[in-house]
Amino acid sequence: MESRVKTWLLSFVHLFFPRLCAVCGASLQEGEEGICIKCNIGMPRTNYHLRKDNPVERLFWGKMPLERATAYFFYHKGSDFRNILYLLKYGGRKDLGEVMGRFMAAELLPAGFFRDIDRIVPVPLHPRKQKLRGYNQSECIVRGISAVTGIPTDTSSVVRVKHTDTQTRKSVYERWENVDGIFEVRHPELFKGKHILIVDDVLTTGSTTTACADVFKGVEGIRISILTLAVANS
């Protein structure tokens, strides 16, 4: 009886607030989350997690003790799939981050991408920006990943101590200069011998992700893997 009432209430709510695909805007059917099946099938996946020494991994070579790295799908201006990132970052759709995190994890898990990872660390926002937005989109993605993999998350050890301008429209050099020294790690000794997964929403030059990983320099035995929801397709 309780489940019937819940189903009825959800149907009533959806009548006035229809669930729409974040990509094409079509009404979502029962069982669809975030994006419709058609758009899910057509998503421009990188499948980099199946390729050793893939382009995302090469982006971080020599910059950190890297184990593996990948991004879920390609992002470029003009693509309808940019709506996923836009709604997640600026449209208040934090639920979309968790849904996409689950999608990612479900596809990468069988390939062993999460093997031996001890902790998942989302790239933090500055408190001022997080207060303005109401949430950290990377944390939302991480919640979805953790729900599928069971790997614990750590949202408090790495903090953003400097507020920076948006990276959009900055040159490669300006991006690296903009993020220099913006993160700090609390109790780095707790990460000794650990394998951590750093998660962000979109990857362009890799400057922000690298700056986040830099806080673990000097931590004995640290291993780092990288996962982003999207990567800019040049």
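Below, all heavy atoms of this structure are taken into account, side chains as well, without hydrogens, waters or symmetry copies.
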Which atoms form the tightest heavy-atom contact between [X] and [Y], and what is the distance?
{"X": "G34", "Y": "L28", "value": "N-CD1, 3.6 Å"}
{"X": "Y75", "Y": "A230", "value": "CB-CB, 3.9 Å"}
{"X": "V56", "Y": "A69", "value": "CG1-CB, 3.7 Å"}
{"X": "S156", "Y": "R186", "value": "O-NH1, 3.2 Å"}
{"X": "I145", "Y": "G101", "value": "CG1-O, 3.6 Å"}
{"X": "V123", "Y": "T208", "value": "CG1-CG2, 4.0 Å"}

Can you tell me how far the [atom1] atom of [X] sits from the [atom2] atom of [Y], to the nearest 0.5 Å?
{"X": "I224", "Y": "M64", "atom1": "CD1", "atom2": "CE", "answer": "5.5 Å"}
{"X": "Y135", "Y": "L88", "atom1": "OH", "atom2": "CG", "answer": "5.5 Å"}
{"X": "L87", "Y": "Q137", "atom1": "CG", "atom2": "CD", "answer": "12.5 Å"}
{"X": "C21", "Y": "N40", "atom1": "SG", "atom2": "CG", "answer": "9.0 Å"}
{"X": "E32", "Y": "L20", "atom1": "CD", "atom2": "CG", "answer": "11.5 Å"}
{"X": "M100", "Y": "M43", "atom1": "CE", "atom2": "CE", "answer": "3.5 Å"}

Applying a strict under-4.5 Å side-chain criterion to I, L, V, M, F, W and Y, I'd like to know whether [X] and [Y] cluster together.
{"X": "V199", "Y": "V159", "answer": "no"}
{"X": "I41", "Y": "L229", "answer": "no"}
{"X": "L85", "Y": "L125", "answer": "no"}
{"X": "W61", "Y": "I222", "answer": "yes"}

[X] and [Y]: side-chain donor and acceptor closer than 3.5 Å?
{"X": "D200", "Y": "S138", "result": "yes"}
{"X": "E57", "Y": "Y48", "result": "no"}
{"X": "R93", "Y": "N83", "result": "no"}

Apply the test side chain to side chain donor-acceptor pair (under 3.5 Å) to residues S225 and H195: give CA-CA distance (whole Å), side-chain angles for both, the deciding distance (0.1 Å), then the verdict. CA-CA 7 Å; S225 288; H195 181 186; 2.8 Å; yes

Measuring only between side-chain heavy atoms, which start at C-beta, is [X] closer than 4.5 Å to [Y]?
{"X": "I120", "Y": "I196", "result": "no"}
{"X": "L197", "Y": "I226", "result": "no"}
{"X": "I84", "Y": "F73", "result": "yes"}
{"X": "I151", "Y": "T153", "result": "no"}
{"X": "L227", "Y": "I198", "result": "no"}
{"X": "K194", "Y": "V219", "result": "no"}
{"X": "F191", "Y": "F216", "result": "yes"}
{"X": "L108", "Y": "F114", "result": "yes"}

Can you list the steps and then say if K52 with R68 is a side-chain contact (heavy atoms from CB on, under 4.5 Å)? CA-CA 8 Å; K52 183 176 175 57; R68 46 190 175 268; over 6 Å; no

salt_bridge([X], [Y]) N-O dist < 4.0 Å:
{"X": "R58", "Y": "D53", "value": "no"}
{"X": "E33", "Y": "R102", "value": "yes"}
{"X": "R119", "Y": "D154", "value": "yes"}

Is the backbone N or O of P188 less than 3.5 Å from a side-chain atom of K192, with the two atoms forming a donor-acceptor pair by type?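 No, K192 side chain to P188 backbone: no donor-acceptor pair under 3.5 Å.
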
Ignoring hydrogens and geometry, is there a side-chain-to-backbone donor-acceptor pair from R82 to S79 under 3.5 Å?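 Side chain of R82 to backbone of S79, a donor-acceptor pair under 3.5 Å: yes, one is there.
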
For E189, I'd like to know if atom CD has over 12 heavy atoms of other residues, nucleotides or ligands within 6.0 Å.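 Yes, because the 6.0 Å sphere around CD of E189 holds more than 12 heavy atoms from other groups.
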
Candidate pair E107 and R45, rule salt bridge (Lys or Arg N to Asp or Glu O under 4.0 Å), full reasoning: CA-CA 11 Å; E107 292 188 31; R45 290 168 170 80; 2.9 Å; yes

Does T46 form a side-chain contact (heavy atoms from CB on, under 4.5 Å) with T70? I'd like the steps, not just the answer. CA-CA 8 Å; T46 70; T70 192; 4.0 Å; yes

Identify the residue among T210, T205, T209 that makes a side chain to side chain donor-acceptor pair (under 3.5 Å) with S207.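 So, applying the side chain to side chain donor-acceptor pair (under 3.5 Å) to S207 and each of T210, T205, T209, only T205 qualifies.
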
Would C212 and V158 satisfy side-chain contact (heavy atoms from CB on, under 4.5 Å), going step by step from the backbone distance to the final call? CA-CA 8 Å; C212 185; V158 180; 4.0 Å; yes

Run the side-chain contact (heavy atoms from CB on, under 4.5 Å) check on K89 and R133 step by step: do they pass? CA-CA 8 Å; K89 294 181 72 169; R133 184 169 296 170; 4.2 Å; yes

